[in-house]
Amino acid sequence: MEIALVRHGETEWSASGQHTSRTDLPLTEPGRRRAEDLRGMLAGRDWALVLCSPLRRARETCELAGLSDRAVIDENLREWEYGEYEGLTTPQIREQRPDWLLWRDGCPDGESPEQVGARADQALERLSAAGGDAVVFAHGHILRVIAARWVEQPVSFGSRLALSAGALCALGFERETQVIREWNCT
């Protein structure tokens, strides 16, 4: 069993470094081109399950990659809820709170690391029950948390996994051990 993780293509806010959870932005032209490039990488596989975040940027990436006809929307794949920090960059947040760290502190009126970890665990349960290879179209932080939880690490381990817009990753096994097989392939 392998789980492919696909971060949505570039949006205006991912390009500028703004935290984007519930703001439903479309892909930029470069984001659309990257999503179309994924079609060849994902084609020809017998996907037992295709899961997608309900947000437009993930659904658009899934469609351009050629898998929207089989996609199942999963609310657990929404991006980390940034609450009051929605639309802000990390430097802007740190002007008010210099010691802020998403992976430790979460967001006021948003989600804590524990809440995001619980959603990631639920998504992994569904993926593990798929009975074969699966692919997920979602967002940078939730995918990093999913990868951390896959290798039995705390949510904060995701801070060590850089993930570019439009990147493709693979989770799988080495013998019976759950591993990150490929990461941040663009």
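Since we're looking at a predicted model, the values are computed, not measured. Counting from 1, the numbers follow the sequence of the chain as shown.
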### Query
Hey, what do you get for CG (L42) to CG (D133), rounding to the nearest 0.5 Å?
11.5 Å
### Query
When rounded to the nearest 0.5 angstrom, what is the spacing between CG in L27 and CG in L64?
6.5 Å
## Note on the structure
Between the CD atom in Q178 and the OG atom in S128, the distance rounded to the nearest 0.5 Å is 6.5 Å
### Task
Could you tell me which residues satisfy side-chain hydrogen bond (donor to acceptor under 3.5 Å, both in side chains) with E36, sequence neighbours excluded, listed by chain and number?
none
### Message
Going by the rule side-chain hydrogen bond (donor to acceptor under 3.5 Å, both in side chains), which residues pair with R56 if we only count those two or more places apart in sequence or in a different chain?
### Response
none
#### Entry: Any residue meeting side chain to side chain contact (heavy atoms under 4.5 Å, CB included) with A118, in chain and number order, not counting sequence neighbours
none
### Query
Which heavy atom of N76 sits nearest a heavy atom of D74, and at what distance?
N-OD1, 2.8 Å
### Task
Could I get the full list of side chain to side chain contact (heavy atoms under 4.5 Å, CB included) partners for A71, not counting sequence neighbours?
V50, C52, C62
#### Entry: Check: L102 and Y85 side chains under 4.5 Å, non-hydrogen atoms
no
### Message
Pair R45, V135 - check side chain to side chain contact (heavy atoms under 4.5 Å, CB included), show working.
### Response
CA-CA 10 Å; R45 298 277 301 267; V135 60; over 6 Å; no
### Message
Do W103 and P154 have side chains that approach each other closer than 4.5 Å (heavy atoms only, starting at C-beta)?
### Response
no
### Query
In Å, rounded to the nearest 0.5 Å, how long is the span from CZ of R97 to OG1 of T90?
12.0 Å
### Non-hydrogen atoms of E84 and D109 that approach each other most closely
OE2-OD2, 2.7 Å
### Query
Quick one: side-chain hydrogen bond (donor to acceptor under 3.5 Å, both in side chains) pairs with a partner in residues 22-32, sequence neighbours left out?
E10-T28, R22-E81, T23-E86, R32-E60
Show every donor-acceptor pair shorter than 3.5 Å between a side-chain atom in residues 138-150 and any protein atom, with sequence neighbours excluded, or say none if there are none.
residue: H139; atom: ND1; partner: R57; partner atom: NE; Å: 3.4
residue: H139; atom: NE2; partner: S53; partner atom: OG; Å: 2.7
residue: H141; atom: ND1; partner: Y82; partner atom: OH; Å: 2.4
residue: R144; atom: NE; partner: G158; partner atom: O; Å: 2.9
residue: R144; atom: NE; partner: L161; partner atom: O; Å: 2.6
residue: R144; atom: NH2; partner: G158; partner atom: O; Å: 3.1
residue: R144; atom: NH2; partner: S159; partner atom: O; Å: 3.3
residue: R149; atom: NE; partner: D121; partner atom: OD1; Å: 2.9
residue: R149; atom: NH1; partner: Q153; partner atom: O; Å: 2.9
residue: R149; atom: NH2; partner: D121; partner atom: OD2; Å: 3.2
residue: W150; atom: NE1; partner: G172; partner atom: O; Å: 3.1
residue: W150; atom: NE1; partner: V179; partner atom: O; Å: 3.2

### Message
If you compare all heavy atoms of T11 against all heavy atoms of P26, which two are closest, and at what distance to 0.1 Å?
### Response
CG2-O, 3.5 Å
### Task
Heavy atoms only: give me the nearest H19-W100 pair and the separation to one decimal.
NE2-CH2, 3.9 Å
